[in-house]
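Because only heavy atoms are used, hydrogens play no part in the values below, and waters and symmetry mates are left out as well, while side chains stay in. Labels below follow one simple rule: chain letters A, B, ... track the order of the sequence lines, proteins then strands, and each chain is numbered from 1.
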Amino acid sequence: MQADTVSILLPLAVEGPYTYRVPHGLTLAPGDIVRVPLGPREMLGAVWDDPPDGSVGHNRLRPVAHRYDAPPIEESLRRFVDWVARYTMTPRGMILRMVLRAPEALLPERAIAALRFSGTVPARLTPARETVLGRMADGQPLPKTGLSSALGVSPAVIAGLVAQGTLVEATIAPPPVAALPDPDHARPELGTGQIEAAEALRAMVDAGSYEVALIDGVTGSGKTEVYFEAVAEALRRGRQALILLPEIALTGDFLDRFARRFGARPAEWHSELPQRGRERVWRGVADGTVRAVVGARSALFLPFRELGLVIVDEEHDAAYKQDEGVTYHARDMAVVRGNLGAFPVVLASATPSIESRVNADQGRYRRLHLPARFRAAKLPEIRAIDLRTDPPERGRFLSPVLVKAMEETLAAGSQSLLFLNRRGYAPLTLCRTCGHRFQCPNCSSWLVEHRFRGQLVCHHCGHSEPRPSHCPICASEDSLVACGPGVERIAEEVAARFPDARAIVLSSDMQGGVQQMRAELEAIRSGAVDIVIGTQLVAKGHNFPGLALVGVVDADLGLAQGDPRAAERTFQLLAQVTGRAGRAGGDSRAFLQTYAPDHPVIAAIASGDSEAFYQREIEARRVSGLPPFGRLAGLIVSAADRASAMSHAQALRRMAPPEDVAMVLGPSEAPLAVLRGRHRFRLLVRAPRGFDLQGFIAGWLAASPPPRGSVKVQIDIDPLSFL
DNA sequence: AGCACGCCGACT
DNA sequence: GTCGGCGTGCTC
């Protein structure tokens, strides 16, 4: 505890900061980014606020090597790191690591090599040389790369002028990674309902204090336009703004939309961003040259210098949950960051999560409801098709009612979308002779036939094997039958029924990657496709302006699982898919094929009465003590083989919990997944609101007989009862 | 994160 | 008899 020591948090899996000696002549303040010796090497770290402890002898302390000339990590971000670490039960250093993801960003950015006119005219002037001098006479340096083609002369001319001393080496500062967005570039015309909501958001940003707003409204009600007004207000007030999107929705379309409103594309941040780009965005965010960022969940950990607003679009989306490494829910952490940084947070969704709805109902969030579609866009007419009364023909999966609607749509020259959230050809293959079912050797799930690829694939762990021609058990030839539909099989049926229609399958395991995908989306947009058959992919992120008909092949899929959020997820997915119809205006229809037309989820979608669904679901959650009324944590128990993972999970469950904590091994006691050769089971821990779940789990793990080495336990889900 | 230390299979 | 696999532990 001496004046010449300092606490440094290192981006490693260490619980707290280490103590270092401050060398003479160096002044350090909390948040400063430094380089310190650690073992045989040097490492990045940040000065933290903890008072240096005396547990390590002063004579063993090593000195800080260097302080970077970079903006310090701001106080509220430091508190955020501490908070997230405690909440997720992760060592603090691991959270800091998420902040310091772009270490090269700490060095000054490399200038661009350029050439400029030195003032010395060459002895001989040729026409090409005159061209160059004419363009460079003002002495402004021009970038070296591409200079000759930019000036329309051969590289030899440039080289000659350099040799003569007419052009000399120079540098130019790299352009900012993103141009400044202008809040008043193209102010939109808002509808009446939108004006009120936009005004409320503007007032929140003006107030400059923590508050959470939940904007909800059907697809096409203009949520984006409304929250852009909040972004504009933050920019006007000199604050930075962050828009979070689920990775899949972070498309060029969205960036263009931002650019149309603000006159410049925002900086973007996501996992695919190349190293150079990451560094530039990180630096720009830290030094304040970047004013607006659109990013995936990890953007929440960027070192903003004056963050004044976070928008979480599609706030219900499960992609906000990070479940590798540090497990956190970006929507919840965004709310925390707003709370610690004293600025507003806006959650937006056409189908809000139950948690957010409850928080709004209970007054913790302000609810801004957008009542109607905007710009004359009409909602589709939605109808459930009862498959018990209108069944498909034998061996087929499309009901005559849906087929007729498709025929009509096709005849009118409009587009149809068939949605089935199941990749591949068939979800189960069995032998007609002996009844053998093809199961994954690692997991307990069925292998899915992918006919285009000729493989049987496990969608759980990725295992795949070639589809055999005969049964591996009874050796019968031609006895294998595909059970149930996947998108490939629906495509087959569509091809048989509509041989002249131009049909296309969109699913995540498409061959050809991003390029191919882009081309196909463009084909759909331009109207070169009549029938789109797609999985979840078509529900999110992409707009299909010409869609007149949406058919949900199996609306019941997803309702039967043991997952406590199954109903909510299905509702959200169905609302999104049916909402794809008719965005651009005109009449449109959506059909839900179902065996349970009275199921609350189906009924809510078909009647358009989502309120009824929410009330019912909220009540069900309240009764069972699930989030947001209780707190739920998933412990992932993992081990190198299935049996020991299972036995460790059971051992943990046997640890007698207090009465107010419930635990189940589940859902359905099935292994979650086999990832990187590790078998994982999930334990769900449920506790009442207000209960110190983290403390309980930590104590529980400390007291449990140490499971042999190879078992890892991590917090998976955690709820909202923190503010 | 690195890097060292420490126990069980196929080889000069 | 060793070389080497990566599981575990440590770095102020």
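- Look at CD on A:Glu42: it is 15 Å from C1' on B:dG2, rounded to the nearest Å.
- Between A:His459 and A:His450, the ring planes lie perpendicular to each other; the angle is over 60°, past the 30° to 60° tilted range.
- Separating the CZ atom of A:Arg97 from the P atom of B:dA1 is a distance of 4 Å, rounded to the nearest angstrom.
- The stretch residues 690-702 of chain A participates, sequence neighbours left out, in these salt bridge (charged side-chain N to carboxylate O under 4.0 Å, His left out) pairs: A:Arg86-A:Asp692.
- Electrostatic pairing of A:Glu355 and A:Arg565 counts as a salt bridge here, judged by a charged N lying under 4.0 Å from a carboxylate O.
- Taking atom CE of A:Met98 as the reference point, atom C1' of B:dA1 lies 15 Å away to the nearest angstrom.
- Salt bridge present: A:Arg291 and A:Glu306 bring a charged side-chain N and a carboxylate O closer than 4.0 Å.
- Between A:Arg21 and A:Asp4 there is no salt bridge, since none of the side-chain N atoms of the basic residue sits less than 4.0 Å from a carboxylate O of the acidic one.
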**Asked** Can A:Met43 and A:Leu12 be said to form a side-chain contact (heavy atoms from CB on, under 4.5 Å), step by step?
**Response** CA-CA 10 Å; A:Met43 168 159 276; A:Leu12 305 174; 3.6 Å; yes

Pairs: protein N or O with nucleotides 9-11 of chain C N or O, under 3.5 Å:
| from | atom 1 | to | atom 2 | distance (Å) |
| --- | --- | --- | --- | --- |
| C:dT11 | O3' | A:Gly39 | N | 3.3 |

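- Computed from coordinates, the A:Asp4 CG to C:dC12 P distance equals 17 Å when rounded to whole Å.
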